[in-house]
Engineer: 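Next up is a structure, given as C-alpha cells.
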Amino acid sequence: MAQTKYPELLKEVSDDKEPEEGLNFIRTIIEEHNRTGRFDGKVHTRFPPEPNGWLHIGHACSILMNHKIAMDYGGIFNFRFDDTNPITEEESYVNAMIEDIKWLGVYKEYEDGTNNIFFGSGYFDQFYEYAEQLVEKGLAYVDDSSADEIKEQRGSITEPGKESPYRNRTIEENLDLFKRMKNCEFPNGSKVLRAKIDMSHPNLLMRDPIVYRILHAPHHNTGDKWCIYPMYDWAHGLEDSIEGITQSICTLEFEVHRPLYDWFLDQLTAEDGSPIFHPQQIEFAKVIISHMVSGKRVMIQLVKDGHVNGWDDPRMFTIAGARRRGVTADSLRKFMETIGVSKREKIIDQSILDHCIREDLNKKCPRVMSVLKPLKVILTNYPADKKEEIEVQNHPTIKEMGTRKIIFSKIIYIEQDDFMENPPDDYYRLSLGEEVRLKNAYLIKCEDVIREEKTGEISELHCSYRPKKEDDPKVKGTIHWISAENSIKAEVRLFDRLFVKENPMETEEGKVFTDYLNPQSLETTEALVESFLKDAKLGSRYQFERLGYFYLEPIDSKEDQLVFNRIISLRDSWTKK
RNA sequence: AGUCCCAUAGUCUAGCGGCAAUGAUACCGGACUUUGAAUCCGGCGACAGGAGUUCGAGUCUCCUUGGGACUACCA
C-alpha cells in the first residue's frame, strides 16, 4: 500500500542511505554532490602546477590523491599546466613535470590520440572572449593607474579601498582600450583590465582585482601571439570550467580566492545565455613532512649553494629525487592513502613515509648479500682449494622469487660492525671465542684477532667453522657475509635525512635553515656485492640482507663500477638502544 | 587590527547527537625467526579550555585560548 501511495517518499528513503564511514572530507563533499546530482554524478579532478619549478613529494601526494579520487568514482583526471605567466615559466619544467607524472602512473593516453595533459595557455583565446563579455556587461574596465596607485587604491585589511578614477569609463571605451591592449599598442604596466566588483569588500581580492596585465614577453607555448596575459584568479576558474572539472581541489591558501573564483564563473554566460559550467573549489592542507624542506626558493638555494647535487639529488624529496633514490611510486601512493587528507595544517612524521617505503619494498625486493665495510675472515679449518655452491632463497616468504647460488670458500668478508672484541651482554654477533651463524651457511667461531702492526686496527679474523651443520647448536646471532670468490666491488651511497631538525624552516634566533643541514646526509663507500649483480638490470632494487633496500642507480652506474643507492635502511631495533 | 579557516594520543587519521572514542605510525613488552628484518600477539597514549542547547555533546551554538591565511600587474 505505502509503496503505491508514497513512491517518491520510498525513493527518498532508499536514496538516503547512510554515507560511508571513513570518507575524508573531500570525498564526503563529492558524495554530497553525487547525492544531489550537482554534477550528474561525474567526478573530474585535476592538478594544475605552474611550470616554474620542481614537483616535490607534497605535490606527488596531491597528484596521486586527485587521481585516485577520480578513478574511484569512475571519473577523469587532468594534469594541467597553469602557464599564464611567461616571465617565470620554462619549457624545461614542463618536460620535467611530464616525466614525473608518467613515473607516478597518472599519465593517460586516450584512444583518439589525445592525452590528459593540458595547458592553460591553450585557452587564451577563450579567456579573451570571456573578458570581452565581462566588459560588455559593464563588469570590467581598463585602468590606467600604475601598480603603486592600484596598491594604494586597494586599502588594507582594516581600511576599505578607493575607487579608481578610471572605474567609470564607458563600455565602448573599455572595449576599444582592451582591444588595443591585446593589439600591443601599450607598453608594459601602462594599463590593466580590472573587474568591477567592490572596493570596500572585506576580502581584498574582491576589490576590483586585475584580470589582464600587459606583458610584452614570448610564451613557451603561444610564442609572440599575446602581449596581455591573464591573472591567476581569472584564468584558473575558467580553465577548470572549460575542462569540465567538477571538484577543483587546491591548498588552503586559496581559500580566500574562492569568492572570486565563484564570482567570475557566475558572471559569464555561454553563447546561448546559460551560465557556464561552475566547478566546486575545495581546499585542503598541503602535505609537509618532517626533516625536509619543499619551498621552491629554499630548494633552489640548496642546489645553488651545493648542499645537494642538483634538483634530483636523492636526498631531496623532489619527485625526481625520490625516483632517482629508488623510491617506488607505489610507496608514495600508499603514503598518500595512509596520511589521509584534512584541512588542518600539519607536519607528518617522516617515519610514516619510511614505513610505507619499506612495506612496499619488502614484498618486491629479492634478497642479496653485500658487505659495506668489509672485515676479512680466514676460516682456518677450511681447505684453501675448496669451494662450495650453496643454493639460497631470493626471498624468505615469496618462493616465486626463486633461488640462486652463492659460493662459500676459505676467505670471506663480514661487516666490521658484526664483530666486537669486548661486546656488551646483549650483543649477539661475532666476538672472540664466540660463535655466530653465517646466513645460509655455517657456524663460525672466532679464534684469533689479527691487527695492523702500526695502527693496531683489526685487519682480519681467524675463525673455525663447524662442517657438520646437523650438529650445530642454537646460536642467537646470524650475520651476512660474502665470499671473496663471489664478490665484486661497487659504490654504495648511503643517505640519511637532509636536516636534523623536524622543521628546518622554523629557525631559532640568529640561525638560518641551512644551519640544520645534516652533515652526514650522504656517505659514499665501496662495498662488496654478489658478483651476479654485474649483470643486473639498471634500476632494479634489492634488499641487501640486514642493511636495507638498494637501488641500482641507472645514471651513474658504469659497466665496471656499479652504483647502489640505499633507498632506506631496514628497521633497526638494535642500534637505537 | 578586520574578515575567513583550523583544533581528537609523540605524529597522521576515523568520528556526522547515544562507541569502553577508530585505524596507522612511533614507542614499550612478548612470541616466532638462519635478516636484531618481516610476521604475530599484548601494552602505552587523545577529544585545547569554559559556558550553553539536549534525557544525552568529541559531534550543535557562543566565548576564550592557540595556530594559520589574506594587504603581488605571482601562482
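Letters A, B, ... mirror the listed sequences (proteins, then strands); counts begin at 1.
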Engineer: Identify all pairs in which a protein N or O lies below 3.5 Å from an N or O of nucleotides 45-47 of chain B, and state each distance.
Structural biologist:
none

Engineer: Touch check for A:G548, heavy atoms < 4.0 angstrom, all strands: base, sugar-phosphate only, or nothing?
Structural biologist: nothing

Engineer: Select base, sugar-phosphate, or nothing to describe what A:N85 touches, counting heavy atoms under 4.0 Å on all strands.
Structural biologist: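 Sugar-phosphate contact only - A:N85 comes under 4.0 Å of backbone atoms but never of a base.
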
Engineer: Quick one: is A:R213 getting a side-chain N or O under 4.0 Å of the B:C74 phosphate, OP1 or OP2?
Structural biologist: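 For A:R213, the contact criterion (side-chain N or O under 4.0 Å from OP1 or OP2 of B:C74) is met.
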
Engineer: Does a side-chain N or O from A:H480 land closer than 4.0 Å to OP1 or OP2 of B:U35, or not?
Structural biologist: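 It does not, given that no N or O in the side chain of A:H480 lies less than 4.0 Å from OP1 or OP2 of B:U35.
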
Engineer: Anything under 3.5 Å between a protein N or O and an N or O of nucleotides 57-64 of chain B, put it in a table, one pair a line.
Structural biologist:
none

Engineer: For B:C19 and B:G29, measure between their C1' atoms and round to the nearest Å.
Structural biologist: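 The same atom, C1', in both gives a distance of 28 Å.
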
Engineer: In terms of side-chain geometry, is the basic nitrogen of A:K151 or A:D148 positioned less than 4.0 Å from the acidic oxygen of its partner?
Structural biologist: no

Engineer: Base, sugar-phosphate or nothing for A:P49? Non-hydrogen atoms, less than 4.0 Å.
Structural biologist: nothing

Engineer: Are A:F499 and A:Y516 an aromatic pair, judged by ring center distance below 6.0 Å?
Structural biologist: no

Engineer: Please determine whether any donor N or O and acceptor N or O are separated by less than 3.5 Å between the side chain of A:R367 and the base of B:U35.
Structural biologist: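 Present.
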
Engineer: Take the angle between the ring planes of A:F124 and A:F127 and call it parallel below 30°, perpendicular above 60°, tilted in between.
Structural biologist: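 Taking A:F127 first and then A:F124, their aromatic rings sit tilted (interplane angle of 30° to 60°).
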
Engineer: Aromatic ring centroids of A:Y465 and A:Y442 under 6.0 Å?
Structural biologist: yes

Engineer: Under 3.5 Å, is there an N or O donor on one side and an acceptor on the other linking the side chain of A:H257 and the base of B:A75?
Structural biologist: yes

Engineer: Would you say the ring centers of A:F254 and A:H236 fall short of 6.0 Å from each other?
Structural biologist: no

Engineer: Taking any heavy-atom pair under 4.0 Å as a contact, classify A:F544: base, sugar-phosphate, or nothing.
Structural biologist: nothing

Engineer: Taking disulfide (SG to SG under 2.5 Å) as the test, write out the residues that go with A:C227, two or more places apart.
Structural biologist: A:C184

Engineer: Ring pair (Phe, Tyr, Trp, His ring centres under 6.0 Å) with A:W311: which residues, sequence neighbours excluded?
Structural biologist: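 Ring pair (Phe, Tyr, Trp, His ring centres under 6.0 Å) list for A:W311, sorted by chain: A:W54.
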
Engineer: Tell me: NZ of A:K334 to P of B:A24, nearest whole Å?
Structural biologist: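 A:K334 atom NZ is separated from B:A24 atom P by 10 Å.
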
Engineer: Just compare B:C16, B:G36, B:U35 and give me whichever is closest to any side-chain atom of A:Y427.
Structural biologist: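 In terms of side-chain proximity for A:Y427, the closest of B:C16, B:G36, B:U35 is B:G36.
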
Engineer: Parallel, tilted or perpendicular for A:W226 and A:Y128, by the 30°/60° rule?
Structural biologist: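 Plane angle between 30° and 60°, so tilted.
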
Engineer: Is A:D417 salt-bridged to A:R546, cutoff N-O under 4.0 Å?
Structural biologist: no

Engineer: Going by side-chain contact (heavy atoms from CB on, under 4.5 Å), A:R194 matches just one of A:N174, A:L139, A:I150, A:V211. Which one?
Structural biologist: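 With A:R194 as partner, side-chain contact (heavy atoms from CB on, under 4.5 Å) holds for just one option, A:I150.
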
Engineer: Could you tell me whether A:Y212 contacts a base, only the sugar-phosphate backbone, or nothing, with contacts defined as non-hydrogen atoms closer than 4.0 Å?
Structural biologist: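 Since no nucleic acid heavy atom lies under 4.0 Å of A:Y212, the category is nothing.
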
Engineer: Regarding B:U34, can its base be found pairing with the side chain of A:R437 as donor and acceptor, where the two atoms are less than 3.5 Å apart?
Structural biologist: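 When only heavy-atom distances are counted, A:R437 does reach the base of B:U34 through a donor-acceptor pair under 3.5 Å.
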
Engineer: Closest approach to the side chain of A:H355, judged atom by atom: which nucleotide of B:G36, B:U34, B:U25 is it?
Structural biologist: B:U25

Engineer: Taking atom types as they are modelled, would you say the side chain of A:Q543 forms a donor-acceptor pair with the base of B:U35 within the 3.5 Å cutoff?
Structural biologist: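 Yes, the side chain and the base share a sub-3.5 Å donor-acceptor pair.
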
Engineer: Mind listing the residues from residues 290-299 of chain A sitting with a heavy atom below 4.0 Å of RNA chain B? Number order is fine.
Structural biologist: none

Engineer: NA contact type, A:R207, heavy-atom cut-off 4.0 Å: base, sugar-phosphate, or nothing?
Structural biologist: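 No contact.
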
Engineer: With respect to the phosphate group of B:C27, does any side-chain polar atom (N or O) of A:R571 fall under 4.0 Å of OP1 or OP2?
Structural biologist: yes

Engineer: Under 4.0 Å between any heavy atoms, over every strand shown, what does A:E545 touch: base, sugar-phosphate, or nothing? Just pick one.
Structural biologist: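 Base, at least one base atom sits under 4.0 Å.
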
Engineer: Looking across every strand, which nucleic acid part, if any, lies under 4.0 Å from A:T84 by heavy atom: base, sugar-phosphate, or nothing?
Structural biologist: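 Sugar-phosphate contact only.
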
Engineer: Between A:D208 and A:R167, does at least one N-O distance fall below 4.0 Å, as a salt bridge requires?
Structural biologist: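 Counted as a salt bridge, because a side-chain N and a carboxylate O are separated by less than 4.0 Å.
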
Engineer: Scan nucleotides 6-12 of chain B nucleotide by nucleotide, 5' to 3', and note B when protein non-hydrogen atoms come under 4.0 Å of the base, S if they reach only the sugar-phosphate, - if neither.
Structural biologist: SSS--BS

Engineer: Taking the side chain of A:R546 as its heavy atoms from C-beta onward, which of B:A26, B:C16, B:G36 lies nearest to it?
Structural biologist: B:G36

Engineer: Is the closest side-chain donor-acceptor distance between A:Y427 and A:E434 under 3.5 Å?
Structural biologist: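 Their side chains do not contain a donor-acceptor pair, so the 3.5 Å distance test is not met.
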
Engineer: If you measure from the Lys or Arg side-chain nitrogens to the Asp or Glu carboxylate oxygens, is any gap between A:R46 and A:E239 under 4.0 Å?
Structural biologist: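 So A:R46 does not pair with A:E239 through a salt bridge.
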
Engineer: I'd like to know if A:E415 pairs up with A:R429 as an ion pair, taking the criterion as any Lys NZ or Arg NE/NH1/NH2 lying under 4.0 Å from an Asp or Glu carboxylate oxygen.
Structural biologist: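 No, A:E415 and A:R429 are not salt-bridged.
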
Engineer: NE2 of A:H220 to OH of A:Y93: how many Å apart, nearest 0.5 Å?
Structural biologist: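 A:H220 atom NE2 to A:Y93 atom OH measures 12.5 Å (nearest 0.5 Å).
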
Engineer: Could you check whether A:S145 gets within reach of a base, just the sugar-phosphate, or nothing at all, counting any heavy atom under 4.0 Å?
Structural biologist: base

Engineer: Going by ring centres under 5.5 Å and near-parallel planes (under 30°), is A:Y232 stacked on B:A75?
Structural biologist: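 It does not: the two rings, one from A:Y232 and one from B:A75, miss the stacking criterion.
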
Engineer: Base, sugar-phosphate or nothing for A:H236? Non-hydrogen atoms, less than 4.0 Å.
Structural biologist: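 Touches nothing.
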
Engineer: Using OP1 and OP2 only, check whether a side-chain N or O of A:T158 sits under 4.0 Å from B:U71.
Structural biologist: no

